[in-house]
Novice: 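Below is one structure. I have some questions about it.
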Amino acid sequence: MPPPLPLDEHSRLERLRILGLLDHEPIDQLDRLTRLITRHFALPIAMVSLTDVNRQWFLARTGVDMCEINREHSFCGHAILRPDIMQVPDARRDLRFADNPLVTDDPGVVFYAGRPLRALDGVVLGTLCLVDHVPRHLDEDACRDLDDFGRLVENTLHDLERRHQVRTLNQVLEDKEHLFTLTFNQSSVGMALSSLEGKWLRANPGLERLLGYSEHEMLSRTWLAMTHPEDLQREQPLFDALIAGQRQDYRLEKRMIRADGTQCWVQLSVTLCQSRTMAPHMIAVFADLTERKQAEAELVRLQQGLEQQVQSRTRELSRTVEQLHQEMRERGAMQQQLWQEQRRLQHMLEHTSNAFLELDADFIITGWNPASTTLLGWHADEMLGRPLFGLLGAEHP
């Protein structure tokens, strides 16, 4: 009867692949244990087996030459399903194994006892198994001894597992350190490590270009001395809160003093780093804001200039409008005066006893007062539009 699959088969196989125990080179400590076990129990075969997808592979063995068998024929495939030791006193009389090639053929298994071997998290990897060619049965003391030997084997496997975890962790740390180094050295922005007292510990090429100092020159200075005094007053409370543990980071815009004495604006981001392997320190990132600040200052100047021009133009327009209003008032007064003069003249022409005629440039009569009708005898509608010489006659010059 082939053994059924454990419920955690997928995670169990994944753990075997991660640990790299399958097809592992011989482990002297386990080989010595299997030899000791065969002598202790006075039987010919002892093995440390690992249950793979389709095979049973022997990590250590004594008494057999084979290094693996088919999983469907294995006794250990059944043993890994049990929480404790599985015993088969006589496989020839057990329906699960009576016609098994391992029983009917070489190596002629009759007695089998298997103790599950677990990883650090409890996942079953395989078994420590005992085999004999004659029927046997382990009493309670012998089962305790087998369990103790199983713990010794597990200790060795756990050491291998821990070493693998340490190697994996070291690789992860190396990868992270390599990534940090690449980022630190190749970043286009300035990056630095600083002590809690403000002394530079490391500076990347981006910060060297930004501030004009070499890393060696910066290590003899502090970032406090390279910060503009006015901006240092704004930053100090944030820095103190960071050191006091009241915050983990802060950001601000400030001015830094370059090596040549000029100033540059930066966007500063500071993070407090607590490490078990290093003293507490700060990671600072500097983004150059000089061009942006220059553009902002130029924009402010342009805005102020426009505001001044608008104010000046507004004053000029106000003066112009006031002058226009004054002229309109004066013109209105003049029109009123002319209208009054016109009325007086009209009144005088209508009531005077003298004839008044109005002529254009061609001596055509365009105006005729009532006195003209009285004196000359013609009415205005008869004379308006006629030439003056028609009135005077041909004998007049």
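We count residues from 1, following the sequence as given. For clarity, every value in this text was computed on a predicted model and none was experimentally measured.
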Novice: Between Asp148 and Arg144, is the closest basic N to carboxylate O distance under 4.0 Å?
Specialist: no
Novice: With heavy-atom distances below 4.5 Å as the criterion, would you say the side chains of Arg343 and Met348 are in contact?
Specialist: no
Novice: Taking Ile364's backbone N and O only, do any of them form a donor-acceptor pair with Asp360's side chain (distance below 3.5 Å, no angle check)?
Specialist: yes
Novice: Tell me whether Asp31 contacts the main-chain N or O of Ala60 through its side chain, where contact means a donor paired with an acceptor under 3.5 Å.
Specialist: no
Novice: Begin from the C-alpha positions of Phe149 and His40 and carry the test ring-ring contact (aromatic ring centres under 6.0 Å, His included) through to its verdict.
Specialist: CA-CA 10 Å; Phe149 281 118; His40 178 81; 5.3 Å; yes
Novice: Is there a salt bridge (Lys or Arg N to Asp or Glu O under 4.0 Å) between Arg163 and Asp159? Walk through the geometry before answering.
Specialist: CA-CA 6 Å; Arg163 292 175 189 174; Asp159 287 341; 5.2 Å; no
Novice: Return yes if some donor-acceptor pair links the side-chain N/O of His379 with the main-chain N/O of Asp381 below 3.5 Å, else return no.
Specialist: no
Novice: Crowded around Arg329 CZ? As in, over 12 foreign heavy atoms under 6.0 Å?
Specialist: yes
Novice: Between Leu324 and Met328, is a side chain to side chain contact (heavy atoms under 4.5 Å, CB included) present by the stated rule, with each step listed?
Specialist: CA-CA 6 Å; Leu324 180 61; Met328 291 176 64; 4.1 Å; yes
Novice: Under the salt bridge (Lys or Arg N to Asp or Glu O under 4.0 Å) rule, what do Glu208 and Arg202 come out as? Steps first, then yes or no, please.
Specialist: CA-CA 11 Å; Glu208 293 177 342; Arg202 287 184 62 185; over 6 Å; no
Novice: Is it true that the side chains of Thr38 and Thr62 contain a donor and an acceptor less than 3.5 Å apart?
Specialist: no
Novice: Got Thr227 and Arg255 here, is their nearest side-chain heavy-atom distance under 4.5 Å?
Specialist: no
Novice: Count the heavy atoms belonging to other residues, nucleotides or ligands that lie under 6.0 Å from CG of Leu317, then report whether that count exceeds 12.
Specialist: yes
Novice: Thr222 side chain to Lys199 main-chain N or O, any donor-acceptor pair under 3.5 Å?
Specialist: no
Novice: Is the closest basic N to carboxylate O distance between Asp147 and Arg115 below 4.0 Å?
Specialist: yes
Novice: Establish, from distance only, whether the side-chain atoms of Gln236 and Asp240 form a donor-acceptor pair under 3.5 Å.
Specialist: yes
Novice: Is there side-chain contact between Val48 and Ile27, with at least one heavy-atom pair below 4.5 Å?
Specialist: no
Novice: Could you see if Val153 belongs to whatever hydrophobic cluster contains Phe41? Use Ile, Leu, Val, Met, Phe, Trp, Tyr and a side-chain cutoff under 4.5 Å.
Specialist: yes
Novice: Could you check whether Arg319 pairs with Glu322 (Lys NZ or Arg NE/NH1/NH2 to Asp/Glu carboxylate O, under 4.0 Å)?
Specialist: no
Novice: Any side-chain to backbone donor/acceptor pair from His78 onto Met1? Under 3.5 Å, distance only.
Specialist: yes
Novice: Between Glu140 and Cys143, is there a side-chain heavy-atom distance shorter than 4.5 Å?
Specialist: no
Novice: Is a salt bridge present between Arg258 and Asp260, judged by a nitrogen-to-oxygen distance below 4.0 Å?
Specialist: no
Novice: Within the 3.5 Å criterion, strictly below it, is a donor on Trp368 or Thr373 matched to an acceptor on the partner's side chain?
Specialist: yes
Novice: Keeping His281 on the side-chain end and Leu193 on the backbone end, is there a donor-acceptor pair under 3.5 Å?
Specialist: no
Novice: Does Arg96 have more than 12 heavy atoms from other residues, nucleotides or ligands lying within 6.0 Å of its CZ?
Specialist: yes
Novice: Examine Val285 and Leu238 and state if one hydrophobic cluster contains both, with Ile, Leu, Val, Met, Phe, Trp and Tyr joined whenever side-chain heavy atoms are less than 4.5 Å apart.
Specialist: no
Novice: Would you say Trp57 and Phe75 are hydrophobically clustered, going by side-chain heavy atoms of ILVMFWY under 4.5 Å?
Specialist: no
Novice: Are Met282 and Val266 connected into the same hydrophobic cluster when the rule is that any two of I, L, V, M, F, W, Y join if their side-chain heavy atoms are below 4.5 Å apart?
Specialist: yes
Novice: Using a strict cut-off of less than 4.0 Å between a Lys/Arg side-chain nitrogen and an Asp/Glu carboxylate oxygen, indicate whether Arg313 and Glu316 qualify as a salt bridge.
Specialist: yes
Novice: If I compare all heavy atoms of Cys76 with all of Ser49, which pair ends up nearest, and what's the gap?
Specialist: SG-OG, 3.2 Å
Novice: Please answer whether the main-chain N or O of Asp141 pairs with a side-chain N or O of Asp139 as donor and acceptor at a distance below 3.5 Å.
Specialist: yes
Novice: Does any donor atom in the side chain of Glu330 or Gln326 lie under 3.5 Å from an acceptor atom in the other side chain?
Specialist: yes
Novice: With a cut-off of 6.0 Å (strictly less than), are more than 12 heavy atoms of other residues, nucleotides or ligands near CZ of Arg251?
Specialist: no
Novice: Run the numbers on Trp223 and Phe239 for ring-ring contact (aromatic ring centres under 6.0 Å, His included), then give the verdict.
Specialist: CA-CA 12 Å; Trp223 60 266; Phe239 177 76; 5.3 Å; yes
Novice: Does Arg71 reach the main-chain N or O of Asp52 with its side chain, forming a donor-acceptor pair under 3.5 Å?
Specialist: yes
Novice: Could you walk me through whether Arg136 and Asp90 pass salt bridge (Lys or Arg N to Asp or Glu O under 4.0 Å), step by step?
Specialist: CA-CA 7 Å; Arg136 294 186 60 164; Asp90 190 341; over 6 Å; no
Novice: Under the side chain to side chain donor-acceptor pair (under 3.5 Å) rule, what do Gln323 and Glu327 come out as? Steps first, then yes or no, please.
Specialist: CA-CA 6 Å; Gln323 292 175 358; Glu327 290 178 359; over 6 Å; no
Novice: Membership question, hydrophobic clusters at under 4.5 Å side-chain separation (ILVMFWY): are Leu232 and Tyr250 in the same one?
Specialist: yes
Novice: Is Arg55 reaching over with its side chain to a backbone N or O of Thr51, donor-acceptor style, under 3.5 angstrom?
Specialist: no
Novice: Look at Arg15 together with Asp121 and state whether they make a salt bridge at an N to O cut-off of under 4.0 Å.
Specialist: yes
Novice: Walk me through it: do Glu253 and Arg234 pass the test salt bridge (Lys or Arg N to Asp or Glu O under 4.0 Å)?
Specialist: CA-CA 10 Å; Glu253 296 179 1; Arg234 295 188 297 111; over 6 Å; no
Novice: Has the side chain of Asp249 got a donor or acceptor atom that lies under 3.5 Å from a matching backbone atom of Leu242?
Specialist: no
Novice: Determine the sole option in Met256, Met191, Gln267 for which the side chain to side chain contact (heavy atoms under 4.5 Å, CB included) test with Phe286 is passed.
Specialist: Met256
Novice: Less than 3.5 Å apart, any donor N or O on the side chain of Gln311 or Glu307 sitting next to an acceptor on the other?
Specialist: no
